[in-house]
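Quick notes on the structure that follows.
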Amino acid sequence: MAHPNQFALLRQRRFAPFFWVQFLGAGNDNVFKFAFTVLVTYQLQVSWLPASLAGLVIGAPFILPFLLSSATSGQLADKHDKARLIRFTKDFEIAVMLLAAAGFALQNVPVLLVSIFLMGLQSTLFGPVKFAYLPQHLDERELTGGNGMVEMGTFVAILLGNVAGGLLIAVPQVGATWVAATCVALALRGRVMAQAVPLSPATDPGLKIKWNPITETWRNLVLAHGNVVVSRSVLGISWMWFFGAVFLSMFPAFARDVLHGNGQVAPLLLVVFSIGIGTGALLCEVLSKRHVEIGLVPMGTLGMSVFAVDLYFASRGLPPVDAQGGLTLVAFVAQPAHWRVMADLAGLSLFAGIYSVPMYVLIQLRCPATHRARIIAANNILNALFMIVSALGAGALLSAGFSIPEVFLVVGLVNAVVAGCIFLLVPEYLLRFVAFMLTRVVYRFKVRGDEHIPAEGAAILVCNHVSFIDAVLLMAASSRPVRFIMDQRIFATPVLGWLFKLDKAIPIAPQKDDPAAYERAFTQARQVLDDGELLAVFPEGGITRDGTLGEFKGGVMKSCRPTPCPWCHWRCRTCGAATSAASRAARRWSSPSAAASSARWGWWRARRCRRRRSRRVRCVNAWPGCWRPECRMSAAGMPHACHVKAVSQSLAGGLHGCASMHSNHS
């Protein structure tokens, strides 16, 4: 079935109003900030605000609320309906823009600084709502595209806001008035779009708000640290903001002192950077095939480092410039050496977009819904801290005698080291990258029916065995991490074995050869199911010789045996010899009563368990034509460990209706 791409979301009410709300909000922020910066730099003479420090002084009050109020905004987003919070933030934005309009009309710098602080507070309130809203309205296959659209929209809005703010404030006599009118109009338009945002019920309505920003900030950081993958993703996103802040803050000086351009060159660099990030964010859905593909993160990191290092070498080989006042935009573009600089900036930002989107999606999916906004708030706090540290670090390097290209080189090299540390601490990123590259470069790889893999809860993936690469292909086919039970000899393979160790695969040996390893494997397998993870089993006990499905061994049933489901078993007599071994296993594993093993009795008990209110069971027949027990016990809201699914089929045919893979060497 063909799925619409991410742009189709712009025609749907669950996404389009929200997208335009955040687009208009980001644009309004940057119209205001950039116009204010130009005003105090070129038009107003303020004794206590030197033009050289205007950017830092204006940026500080905007960042400060992210440190002070993110913890509270995360609690509010978890406790209240997100659509109503969005409308409240837009009402607040209108009030702030009216105050800013008065500041522009009077050309009162203190009033404008207060307005900047209040706009930072409004952005702080909106941040957790923005990223917690998406998982409530988009499914797993849409989250990557939805986040890519939001990321693209944000940077396009930043770019357009800076351009519009600079052009409007430069109009003689009436520039400040036009800026004030534009900011108020954008705020009003955003409020109109906010009214169309659909309701998003609170995920933790019983939460008690704690207003102490210090203790709640620490509590949010501890909450994010509770999940290793989430905490490392938060650090990874914060590092991306550190990395990007260095380049964005140095564009004016880089354009003037290194590229020898005039005032038109720095905006060109910003345009290239913004387009690159937006393009990378949109490419994520295409590259991930509409899934959460964290294998893109190492690829993004590698590209960021390569292009940052090459930017250093490109900056060293520039020709001398004799033009007075710097190169104009036309003269700058006419130099071939400058195209390499712009290509490096475009590549660097494109891979930054590819790097960031999967991490945001991973946080949204792996966080409990009741704590999602608070963990995103913790991410915003760390982002602000990392941006402050990046400014201090870049300033220290420049004070120590480093040139701007050398600062770029240092940041690019440190980026590679930091990324390596993250990937060693969370091997899932590296494993997914290897699986991603193999299935895009070495193999032709196509997945059908992957919706049968459950998005959450414990499940067993029962797969036939065609080649030694099957485990890697399954890793690429599933958006969730998979734990494998595999033969000790395969586990000890020199190259693949290292990957399987990183994946925490469970080695198993025949009971007659190593009884201790045999029992230890099933103990670990049951623990995987108890933890609500995916477990993959190759029940044939070996690689197929003719492409057909072989006899199932009893390992699947042994993994489930501590928590068997007595309510329903499904057995189909139309499969023939291919599933006779599974049928015999079903009779051994099911109720001791002979009647319970018959299809009629199993069907009756399935209907009975669906009617029971105290221990309700959902029985899904997603594997027509084959026997399999599939049931999910939802007592106390927890899935039972006997939820068995088959996700692979024989390349020659075999099972039908399940998720299937096809791969060849290309």
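In this text, all values refer to a predicted model and were calculated from it rather than measured experimentally. In this chain, numbering begins with 1 at the start of the sequence shown.
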So does Ala373 get a backbone contact from the side chain of Asp78, meaning a donor-acceptor N/O pair under 3.5 Å?
yes
Can you confirm whether the side chains of Thr144 and Glu293 place a donor and an acceptor under 3.5 Å from each other?
no
Within the side chain of Gln12, is there an N or O that forms a donor-acceptor pair under 3.5 Å with the backbone of Leu9?
no
So for atom CH2, which belongs to Trp241, do other residues, nucleotides or ligands contribute more than 12 heavy atoms lying within a distance under 6.0 Å?
no
Mind running side chain to side chain contact (heavy atoms under 4.5 Å, CB included) on Asn147 and Gln364 for me, showing each step along the way?
CA-CA 10 Å; Asn147 278 273; Gln364 291 167 345; 2.9 Å; yes
Step through the shown structure and confirm whether more than 12 heavy atoms of other residues, nucleotides or ligands are within 6.0 Å of NZ on Lys79.
yes
Go through it in stages, so that I can follow the logic: the residues are Val230 and Leu362, the test is side chain to side chain contact (heavy atoms under 4.5 Å, CB included), and I'd like the CA-CA distance, side-chain angles, deciding distance and then a yes or no.
CA-CA 7 Å; Val230 170; Leu362 190 66; over 6 Å; no
Would you list the atom pairs, donor with acceptor, under 3.5 Å between side chains in residues 127-136 and any protein atom, with sequence neighbours excluded?
from   : atom 1 : to     : atom 2 : distance (Å)
Tyr133 : OH     : Arg14  : O      : 2.6
Gln136 : OE1    : Lys82  : NZ     : 2.9
Gln136 : NE2    : Pro201 : O      : 3.1

Is the backbone N or O of Ala458 less than 3.5 Å from a side-chain atom of Glu533, with the two atoms forming a donor-acceptor pair by type?
no
For the side chain of Asp81 and the backbone of Leu199, is there at least one donor-acceptor N/O pair under 3.5 Å apart?
no
Main chain of Ala281, side chain of Glu151: is a donor-acceptor contact present, judged purely on distance under 3.5 Å?
no
Can you confirm if the aromatic rings of Phe351 and Tyr355 lie within a centre distance of less than 6.0 Å?
no
What are the two closest non-hydrogen atoms of Leu85 and Ala77, and how far apart are they?
CD1-CA, 3.5 Å
Less than 3.5 Å apart, any donor N or O on the side chain of Asp204 or Gln75 sitting next to an acceptor on the other?
no
Over all heavy atoms of both residues, which pair between Gln488 and Ala509 is shortest? Give the atoms and the distance, please.
OE1-CB, 3.6 Å
Matching residue for Gln524 among Ile508, Ile506, Leu535 - test: side-chain contact (heavy atoms from CB on, under 4.5 Å):
Ile506
Will you find, in the side chains of Ser238 and Asn383, an N or O donor that is under 3.5 Å from an N or O acceptor?
yes
